[in-house]
Trainee: 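This structure is in structure tokens; I'll ask about it shortly.
Counting from 1, the numbers follow the sequence of the chain as shown. In this text the structure is predicted, and so the values were computed from the model without any measurement.
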Amino acid sequence: MAKPKSKLLSRPAARLARDARGHDTSVPARERLELSVTLPIDPSSLYTAWLDAREHGAFTGGQASCEPRVGGRFTAWDGYIEGETLELHAGERIVQAWRTSDFEDDDADSRLEVRFVPEGDGTRLCLKHTELPKGGARKYREDWKQLYFAPMSKYFTR
């Protein structure tokens with residue numbers, strides 16, 4: 001039996017609909033968030049760890065998979081998160097199409113940009129998460145802090 005095809009990036013494009021004032025009504029308003037954390041690890045090593053399935057799983061506590069290349073697929077948190085890598089700039093920046101199993105089937109993928117900025121003896125990880133479904137900024141802001149930044153701080157401090 002064939003494995004079901006992922007819904008990621010296979011959403012049909014929404015038809016453009018405009019109200020009387022010309023505002024696009026075909027796509028619900030999308031949300032964004034920006035967060036950062038400083039970690040005691042150099043940017044190149046943190047970049048590599050983010051893209052390494054075994055280490056990503058170790059610093060989050062959930063199983064991960066990753067094809068570390070543009071167009072490569074990834075999962076995190078035991079399959080709760082899935083996506084595709086859109087851009088890689090070695091040691092500096094990763095851009096991914098990103099979604100969780102909480103997204104509705106017709107929700108477009110969000111966009112995650114992770115930058116690795118040298119700061120003292122460590123790295124400032126700057127995360128910009130855009131194109132989130134309504135309510136996503138509030139929810140995922142706390143999830144990034146609790147499920148990524150807190151365990152990463154502990155993991156990389158050891």
Trainee: To the nearest 0.5 Å, what is the distance between CD1 (Ile41) and OG1 (Thr157)?
Mentor: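 With rounding to 0.5 Å, CD1 (Ile41) is 10.0 Å from OG1 (Thr157).
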
Trainee: Please evaluate residues Glu131 and Ser110 with respect to the criterion side chain to side chain donor-acceptor pair (under 3.5 Å), reporting the C-alpha separation (whole Å), side-chain torsions for both, the decisive distance (0.1 Å), and the verdict.
Mentor: CA-CA 5 Å; Glu131 302 300 314; Ser110 66; over 6 Å; no

Trainee: Just wondering, are more than 12 heavy atoms of other shown residues or ligands nearer than 6.0 Å to CZ in Arg141?
Mentor: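 Correct, the count exceeds 12.
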
Trainee: Verify, without hydrogens or angle tests, whether Arg54 (side chain) and Ala49 (backbone) share a donor-acceptor contact under 3.5 angstrom.
Mentor: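 Not at all, since once roles are kept as given, no pair shorter than 3.5 Å links the two residues.
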
Trainee: Under a 4.5 Å cut-off applied to non-hydrogen side-chain atoms, are Thr60 and Tyr155 in contact?
Mentor: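 The answer is no, as the side chains (C-beta and beyond) never meet within the 4.5 Å cut-off.
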
Trainee: Taking the side chain as every heavy atom from C-beta outward, state whether Ile94 and Leu51 have any pair of such atoms under 4.5 Å apart.
Mentor: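 A side-chain contact under 4.5 Å exists here.
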
Trainee: Heavy-atom distance under 4.5 Å between the side chains of Glu92 and Val117, does that happen here?
Mentor: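 Not touching, per the 4.5 Å side-chain cut-off.
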
Trainee: Grab the two heavy atoms, one from Gly122 and one from Pro43, that are nearest each other, plus how far apart they are.
Mentor: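 Scanning both residues, the minimum pair turns out to be O-CD, 4.2 Å.
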
Trainee: How are the rings of Tyr140 and Phe103 set relative to one another: parallel (under 30°), tilted (30 to 60°) or perpendicular (over 60°)?
Mentor: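 Taking Phe103 first and then Tyr140, their aromatic rings sit tilted (interplane angle of 30° to 60°).
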
Trainee: Using a strict threshold of under 4.0 Å (side-chain N to carboxylate O), is an ion pair present between Glu113 and Arg111?
Mentor: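 Here Arg111 does not pair with Glu113 in a salt bridge, since their nearest N and O are not under 4.0 Å apart.
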
Trainee: Hey, could you give me the CG/NZ distance between Leu127 and Lys145, rounded to the nearest 0.5 Å?
Mentor: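 Leu127 CG to Lys145 NZ: 12.0 Å, rounded to 0.5 Å.
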
Trainee: Quick one: pull up CD in Glu142 and CG in Leu35 and give me the separation to the nearest 0.5 Å.
Mentor: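 Here the interatomic distance stands at 8.5 Å.
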
Trainee: Measuring from atom CD of Gln96 to atom CZ of Phe74, what distance do you get when rounded to the nearest 0.5 angstrom?
Mentor: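 Gln96 atom CD to Phe74 atom CZ measures 4.0 Å (nearest 0.5 Å).
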
Trainee: Do the side chains of Arg115 and Leu125 get nearer than 4.5 Å, heavy atoms only?
Mentor: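 No; the side chains remain at least 4.5 Å from each other.
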
Trainee: Is the shortest distance from a Lys or Arg side-chain nitrogen in Glu87 or Arg93 to a carboxylate oxygen in the other one below 4.0 Å?
Mentor: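 Yes, charged N to carboxylate O under 4.0 Å.
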
Trainee: Below 4.5 Å, heavy atoms only, C-beta onward: do Thr85 and Leu88 meet side chain to side chain?
Mentor: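 Side chain of Thr85 against side chain of Leu88, heavy atoms only: contact under 4.5 Å found.
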
Trainee: Please report the interatomic distance CG(Asp42) to CD(Glu119), rounded to the nearest 0.5 Å.
Mentor: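 Here the interatomic distance stands at 14.0 Å.
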
Trainee: Can you tell whether the side chains of Glu31 and Lys134 come within less than 4.0 Å, N to carboxylate O?
Mentor: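 Answer for the salt bridge query: no.
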
Trainee: Under the side chain to side chain contact (heavy atoms under 4.5 Å, CB included) rule, what do Arg32 and His129 come out as? Steps first, then yes or no, please.
Mentor: CA-CA 6 Å; Arg32 64 182 292 137; His129 200 164; over 6 Å; no

Trainee: Identify the heavy atoms of Ala53 and Cys66 that sit nearest to each other, and give their distance.
Mentor: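 Looking at all heavy atoms of both residues, the shortest contact is CB-N, 3.7 Å.
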
Trainee: So, for Val70 and Leu86, which heavy atoms are closest and what is the spacing to 0.1 Å?
Mentor: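 Taking Val70 first and Leu86 second, the nearest heavy atoms are CG1-O, 3.4 Å.
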
Trainee: How far does CG of Asp109 sit from CZ of Arg99, to the nearest 0.5 angstrom?
Mentor: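 Separation between the atoms: 5.0 Å.
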
Trainee: With no hydrogens and no angle check, is any side-chain donor or acceptor of Thr75 less than 3.5 Å from a backbone partner on Ser65?
Mentor: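 It does hold such a pair.
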
Trainee: Are any non-hydrogen side-chain atoms of Val37 and Ser153 less than 4.5 angstrom apart?
Mentor: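 Of all side-chain heavy-atom pairs linking Ser153 with Val37, at least one is under 4.5 Å.
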
Trainee: Applying side chain to side chain contact (heavy atoms under 4.5 Å, CB included), run through Arg124 and Thr38 and close with a yes or a no.
Mentor: CA-CA 4 Å; Arg124 176 156 293 277; Thr38 300; 2.8 Å; yes

Trainee: Side chains of Arg30 and Pro133, heavy atoms from C-beta outward: is any pair under 4.5 Å?
Mentor: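 They are in side-chain contact.
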
Trainee: Could you label the plane-to-plane angle of the Tyr47 and Phe116 rings as parallel, tilted or perpendicular, counting under 30° as parallel and over 60° as perpendicular?
Mentor: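 Correct class here is perpendicular.
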
Trainee: Side-chain contact test, heavy atoms from C-beta onward, threshold under 4.5 Å: evaluate it for Pro68 versus Asp52 and give yes or no.
Mentor: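 Answer no - side chains too far apart.
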
Trainee: Does the pair Trp98 and Trp144 meet the rule for a ring-ring contact (aromatic ring centres under 6.0 Å, His included), with working shown?
Mentor: CA-CA 13 Å; Trp98 188 100; Trp144 281 115; 5.7 Å; yes

Trainee: Give the C-alpha distance, both sets of side-chain angles, the deciding distance and a yes or no for ring-ring contact (aromatic ring centres under 6.0 Å, His included) between His56 and Tyr148.
Mentor: CA-CA 10 Å; His56 195 106; Tyr148 270 81; 5.5 Å; yes

